[in-house]
Amino acid sequence: MGRADPEEGHLPAPVKPPDGGWGWIVLLGCFVITGFSYAFPKAVSVYFKELMKDFHVGYSDTAWISSIMLAMLYGTGPVCSIMVNQFGCRPVMLIGGLLASSGMILASFTTNIIELYLTAGVLTGLGMALNFQPSLIMLGTYFDKRRPLANGLAAAGSPVFLSSLSPLGQVLLEKFGWRGGFLIMGGLLLNCCTCGAVMRPLDAGMKRKMEKAQDKYEAKEMLPIGGKSEEGISTTDGTKKAKKAKKKPKKGKKLLDFSIFSNRGFIIYTISKFILVLGLFVPPILLVNYAKDTGVPDTEAAFLLSIIGFIDIFARPACGMVAGLKWVRPHVSYLFSFAMLFNGLTDICSARASNYTGLVIFCVFFGISYGMVGALQFEVLMAIVGSQKFSSAIGLVLLIEAFAVLIGPPSAGRLVDALKNYEVIFYLAGSEVVLSAVFLAMATYCCLNRGKKKEPPPEKNPPGGGSDTEEAESDVQEAEEHSSDNHQLPHNTDNTVVAASEEANHVAEEQSGEGGGGPEGHGEVLARDGCNADQTVERDSF
């Protein structure tokens, strides 16, 4: 994601995503960042028992470490958006990696639980937030046609890292204690800096370089005689600067674009995600305790989460591939609604599971539906707002989700303490997820699709199916065609030199006739076939 042009005060023109090439390296970096962001707050829970012994605190006190990490990941979304719009993705990610690593390293030297909150909670959580959001933005700039698959593969980092970081943390705890484990974990988080370093921004610089090369080439062909060639090149460059100076006046750069709230699709998506998050995370949080209360042994109860993670690893890329199909992608918002409906019905149907076999079946279906939701949530948002506004959109969405995260799971825990009944919690969580699915599907059909049928816009961009780089593609193709026409000219014949000399004389005559060339001639280059002054081509049109 390139930064805003300081000369213009607005975002640069979109560049055609390569849908491959260096984008696969960016995808790998996003895979690692997503894994750390979602799995790390859960993986540190293996150290909680040792922390309780050393600091003489309860389980709820140590659990606040993970809660603060997640709160920072979601709640600092607008701050991340402002920093990305101001400085770009790569610098923000490098700073975030350093903060995340330093937080865990400092946590290994803490002497009380409050210091752990500030280091492992606030500092590491903020660092991961500064990595997570920019990585998704960069993924959207590098992929367009293959974006659903890319989002699915990147989202698979969460279950992969969760299944590896938790056992690793247990090994580190046994060999080095919790302080040594925190220190080594801080070193692992330095890999976020490596991932940030590979996030090479795409901007309009390639197009400007191509225009400049074309100008110099044409000037040399038209004025091949000694110093006149250099004069023509300098004249062309000066003309470009003069035209740029005469453009629009400077505008204040938008650090956070609130205009996305005028997008009805974004409003619908935000409301739906808020309702979804209220119930989405409740079942996996309560699953282990629910299984223990039904008489399942501790080891087998913990294995249930491994089943969900294993299924999730394959569900996310598979769902991304399905979402990328030509006949599915225009209706990706409905696929997202189906995934949420599937997840909610799984919660409701499993509320009465009373044995280990029933819980295993629940974990299989929950892993599939949870993976589908994880693979599609950011793909739908990118399709609604486009890559140019995605940095602001995801920040605002994560902030709103932060309130739902702080309301949903804690409220479910209080209900369990009060009612001593998990069945009601599963019914309630499933109903919230089903409600979000129904709301998204109905609102999309009634408010968006019907509105488009009544008043069709000049550009057809169905929900989830439109490409936000069509204009950039046409501009690049036009520039490439013009460049190929120029490069087909002969270079090694005497006729070229003679023709160029005649055109140089023609230019000199016209400049003398116009009184040395006024400002009106700036930025114009004579056509190749001996055209008159009325057949000039504006270079800035590209």
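Only a predicted model underlies this, so the values are computations on that prediction, with no experimental measurement involved.
- Aromatic ring pairs are classed by plane angle as parallel below 30°, tilted from 30° to 60° and perpendicular above 60°; the pair F390 and F378 is perpendicular.
- With rounding to the nearest 0.5 Å, the separation of CE in M69 from OG in S66 is 6.5 Å.
- Taking CG from N151 and CG from L376, the interatomic distance works out to 9.0 Å, rounded to the nearest 0.5 Å.
- Side chain of R329 to main chain of K145: a donor-acceptor pair is present (N/O by atom type, distance under 3.5 Å, no hydrogens or angles).
- The line from CG of L325 to NE2 of H331 is 12.0 Å long, rounded to the nearest 0.5 Å.
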Test log, rule salt bridge (Lys or Arg N to Asp or Glu O under 4.0 Å), inputs D347 and R352: CA-CA 10 Å; D347 295 341; R352 290 183 174 273; over 6 Å; no
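- Partner M72 forms a side-chain contact (heavy atoms from CB on, under 4.5 Å) with one of V79, L126, L130 and no other, that one being L126.
- Taking the six-membered ring where the residue is Trp, F310 and F314 present perpendicular rings, their angle passing 60° and hence far from 30°.
- Under the 3.5 Å distance criterion, with hydrogens and angles disregarded, no donor-acceptor pair is assigned to the side chains of N343 and Y370.
- Between K389 atom NZ and I384 atom CD1 the span is 13.0 Å, to the nearest 0.5 Å.
- In this structure the side chain of V433 never reaches within 4.5 angstrom of the side chain of L278, judged on heavy atoms.
- Here CE of M340 is found 10.0 Å from CG of L435. Values are rounded to the nearest 0.5 Å.
- The aromatic rings of F426 and Y290 are tilted relative to each other, their planes meeting at an angle between 30° and 60°.
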